[in-house]
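One structure below.
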Amino acid sequence: MAKLSTNAVAKILEICDRYTDEKTPLMMILSDIQNEYGYIPLEVQELVSARTGISVAEIYGVVTFYSFFSLTPKGKYIIGCCLGTACYVKGAQQIIDKFSDVLKIKPGETSADGLFTLDALRCIGACGIAPAVSINGQVHPKMTVDQVKKIVDDLRAEGGAA
Amino acid sequence: MIRTVEELNTRKAQCTAALETKINGSDGRRHIVLCGGTGCLSSHSAEIRERFIEVLKEKGLEDRATVNQVGCFGFCSQGPFVKIYPEDTLYRMVKIEDVEEIVESDIQNNTVVERLLYVDPVTKAKVSKQDEINFYKKQKRIALHGCGVINPEDINEALGMGAYEGLRRALTMTRQEVVDEVTKSGLRGRGGGGFPTGRKWQFALNVDADQKYVVCNGDEGDPGAFMDRSILEGDPNSIVEAMAICGYAIGASKGLVYIRAEYPLAIERLKIAINQAREYGLLGEDILGTGFNFDIELRYGAGAFVCGEETALIHSMEGQRGEPTLKPPFPAVSGYMGKPSNVNNVETFANVPVIITKGAEWFSKIGTEKSKGTKVFALAGQINNVGLIEVPMGITLREIIYEIGGGIKDGRQFKAVQTGGPSGGCLTAKHLDTAIDYDSLVAAGSMMGSGGMVVMDETSCMPAIAKFYLEFTCEESCGKCSPCRIGNKRLCEILEKITDGRGTMEDLQELRNLAAVIKDTALCGLGQTSPNPVLSTLDNFWDEYVEHVVDKKCRAGVCKKLMSYVIDREKCIGCGKCAKGCPVEAITRTDYTAPGHKLTSMVIDSTKCIKCGACINNCKFGAISIQ
């Protein structure tokens, strides 16, 4: 069980305090923490519980319910392949399979070097430019299987060097 | 800050004049607008806009032309778009490299750049004006009327287009009169339920409470749907205004917009609109000096399809798991924090200001007897013209697919169109002349849903599509009730058996039995409608299911476990590369030598083949195919 750094503790408490006037702040607190750190492990949930009075059981129930909240850290590059119907009929399954192949991880997993997370996304509403792939929130239009390897190589060159 | 109706009217007159000048060019300038929807932004429309500004500056033309971003044009497959006023010239698929040419040719020399014009896929003619393109001709843009015309980040342009006139008018009516107007219009919920909006508002008005809420459902979880996204990105003030009108009508002072986290641009644009409305005093206290207070807050989803269901949505806003609860009590009586809450979809709200401004009678003249007004559809899939369309209810499927949609891509055959997402069903060629409205779609075994229309051709396998939807529903099921949690899982497992080649005729009957039980007993709309894709495909594509089960064949070539990898012995030169690369040693040499070849051909043992495709990758002679 990792210990939280003093900075992290301070930040998380500050996030909780942002919403003291809200009657039902849990979703907002968890959203802010997810955006800040990329994941919400049990230790953080315990801290939120202590500050807000909401039980850990309830917090854990909410974190595990929503797909945006993660219990484990995400990679530097979050590659989200939309698997909505419009993208699916345009070959999105082949694209996510190719990413999975190249990155050697399954959807939902993060690579061992911490660089990549591969996610299967619900429809992101970019059906006009299907198949759509979102990398760290940036939407890439009309993806093809042939583009996959180069995208990964480019990200690896950029990310590995940093 | 606009404190009175007189001030509002003065400001609106100024804004209308400014917008008109831009559109008719009476200020002697050209006005360049670019589509700023998510689709075009991902194709660099923001950079294209920057380049325009740069090039105009380089050439000293800053006084001759303005450059602005507007909302989604809707014709996503042809983006990024650049439109030039006053000529109304529309350029499509514009790249950064094209900017200089557009400026030199069009802005400087008034010569249209022909190669960037839209080409009609049927007539092959170039079309320069947006209104003459078939995709737009049959549309009637009411909910989308501001999208693609105004800058969504500037409330002045919204005012110029008539925004907040609805609110002004509503505040001169009594609350009951406003509700009556919405009821008379015949507006029905555009999120998929089709419940009469006026009646919903009446329920909330009838309840006495110290606090009521107006809730806007911006979750738009249906895969293949992006209508609400475009409205929020392209004309967010229409939603702000509609919620204020609703608040006045039902007696609520607080509005909440539940917006899915997957829409960051919509969130940003809505925030800007809310802030600008507050600055102008159109939100907040004592709006237009009438004593009416109303303000709006945003709440974010976190990736859960079931939160599109209104009770689940409310619980999510309350910081809980998004699990639906039984209705009654309905949200109008007991909703957010137990208070009366009116929940409406984004597109439903987008129609409200127009109804109040132009009147219920005007609105009810459009559409069919029981389905008034228009509907925004997201046309996607294997169709030429992919994008967002708004058409009057009663238009036929044939008009949508062939006239507006431009027909099936790559000259293939129309097989089916899925409407209503995971809650809907498919329509086939025999439905092409059906007039689309809420009731006719239900009669055809589907439903309107939120408006997603995914077109499929012969490369789609219908059992696989049913399986795709069930996998989605299983993933998104909240797990609270057994029929959905367990029932849908079993449906999904049977469909997997079928697409894996292990299905039986009894399985097909079992699908129907299970589906009937789930529809009858599930707690919420998600579970109750999840068997629809299965039932609809069974009804319309029975032969294809039987083929999978009895013949173990997939005519669309999608179900890999039903396909065979075959070597054409006439093409095979016998090099043996395929055999060397086969991980399960399924390829051996025959004793057949094809005419003109020196070595004997290879053959694949289909009982050993694991269909990995390595042999196809290794064969340089195209001798191996999937059948």
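As the structure is a prediction and not an experimental result, all values here were calculated from the model. All heavy atoms count here, side chains included; hydrogens, waters and symmetry mates do not. The sequence lines fix the lettering, A, B, ..., with proteins before strands; numbering per chain opens at 1.
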Completion exercise
Turns out that what part of B:Ile465 lies under 4.5 Å from chain A's heavy atoms comes down to side chain
Exercise for the section: Could you check if a side-chain atom of B:His44 sits within less than 4.5 angstrom of a side-chain atom of B:Pro80, using non-hydrogen atoms only? Expected result: no
Practice task
Determine yes or no for a side-chain-to-main-chain donor-acceptor pair under 3.5 angstrom, with A:Asp113 supplying the side chain and A:Leu115 the backbone.
Solution key: yes
Problem - side-chain hydrogen bond (donor to acceptor under 3.5 Å, both in side chains) against B:Arg92, all qualifying residues, sequence neighbours excluded - result: B:Gln78
Practice task
Look at the aromatic rings of B:Phe73 and B:Phe81 and report parallel, tilted or perpendicular, splitting at 30° and 60°.
Solution key: parallel
Problem - Part of B:Ser316 within contact of chain A (heavy atom distance under 4.5 Å) - result: both
Handout entry: Distance-only donor-acceptor check, side chains B:Ser450 and B:Asp222, under 3.5 Å
Key = yes
Fill in the blank from the handout: Most heavy-atom pairs under 4.5 Å with chain A, out of B:Met456, B:Arg229, B:Glu323, belong to B:Arg229
Handout entry: B:Gln418, part contacting chain A, at a heavy-atom distance under 4.5 Å
Key = neither
Practice task
Name the region of B:Cys307, side chain, backbone, both or neither, that has any atom closer than 4.5 Å to a heavy atom of chain A.
Solution key: side chain
Practice task
For A:Thr72, enumerate each residue passing the side chain to side chain contact (heavy atoms under 4.5 Å, CB included) test, keeping only those at least two apart in sequence or located in another chain.
Solution key: A:Ser70
Exercise for the section: Check each atom of B:Glu297 against the heavy atoms of chain A and say whether the ones under 4.5 Å are side chain, backbone, both or neither. Expected result: side chain
Practice task
Determine, for A:Arg156 against A:Glu158, whether the closest basic-nitrogen to carboxylate-oxygen distance falls under 4.0 angstrom.
Solution key: no
Exercise for the section: Indicate yes or no for a side-chain donor-acceptor contact from B:Thr473 to the backbone of B:Tyr469 under 3.5 Å, with no hydrogens or angles considered. Expected result: yes
Practice task
For the pair B:Ser536 (side chain) and B:Pro533 (backbone), establish whether a donor and an acceptor sit closer than 3.5 Å, ignoring hydrogens and angles.
Solution key: no
Fill in the blank from the handout: Max heavy-atom pairs within cutoff under 4.5 Å with chain A, candidates B:Tyr300, B:Phe468, B:Phe226, goes to B:Phe468
Problem - Heavy-atom donor-acceptor pair, B:Glu458 side chain to B:Ala556 backbone, under 3.5 Å - result: no
Exercise for the section: Give me the ring orientation class for B:Tyr336 and B:Tyr213: parallel if the planes are under 30° apart, tilted from 30 to 60°, perpendicular past 60°. Expected result: perpendicular
Exercise for the section: Using the six-membered ring of B:Tyr263, assess whether NZ or CZ of B:Arg260 lies under 6.0 Å from its centre and within 45 degrees of the ring axis. Expected result: yes
Completion exercise
Answer key: most heavy-atom pairs under 4.5 Å with chain A among B:Ala302, B:Gly387, B:Gly303 is B:Ala302
Fill in the blank from the handout: Max heavy-atom pairs within cutoff under 4.5 Å with chain B, candidates A:Ala126, A:Gly84, A:Ala130, A:Gly61, goes to A:Gly61
Exercise for the section: Spell out the residues in residues 7-26 of chain A that have some non-hydrogen atom less than 4.5 Å away from a non-hydrogen atom of chain B, in order of number; otherwise answer 'none'. Expected result: A:Glu22, A:Lys23, A:Thr24, A:Leu26
Practice task
Indicate whether any N or O donor in one side chain lies under 3.5 Å from an N or O acceptor in the other, for B:Glu233 and B:Thr38.
Solution key: yes
Problem - Interface residues of residues 132-146 of chain A facing chain B - heavy atom cut-off under 4.5 Å - result: A:Val139, A:Pro141, A:Lys142
Handout entry: Partner of B:Asp228 under side chain to side chain contact (heavy atoms under 4.5 Å, CB included), chosen from B:Val376, B:Val346, B:Asp219
Key = B:Val346
Completion exercise
Of the listed B:Met453, B:Glu318, B:Met227, the one with the largest count of heavy-atom pairs under 4.5 Å with chain A is B:Glu318
Problem - Contact origin within B:Ala261 toward chain A - heavy atom pairs under 4.5 Å - result: both
Handout entry: Under 3.5 Å donor-acceptor, A:Lys90 side chain and B:Gln382 backbone
Key = no
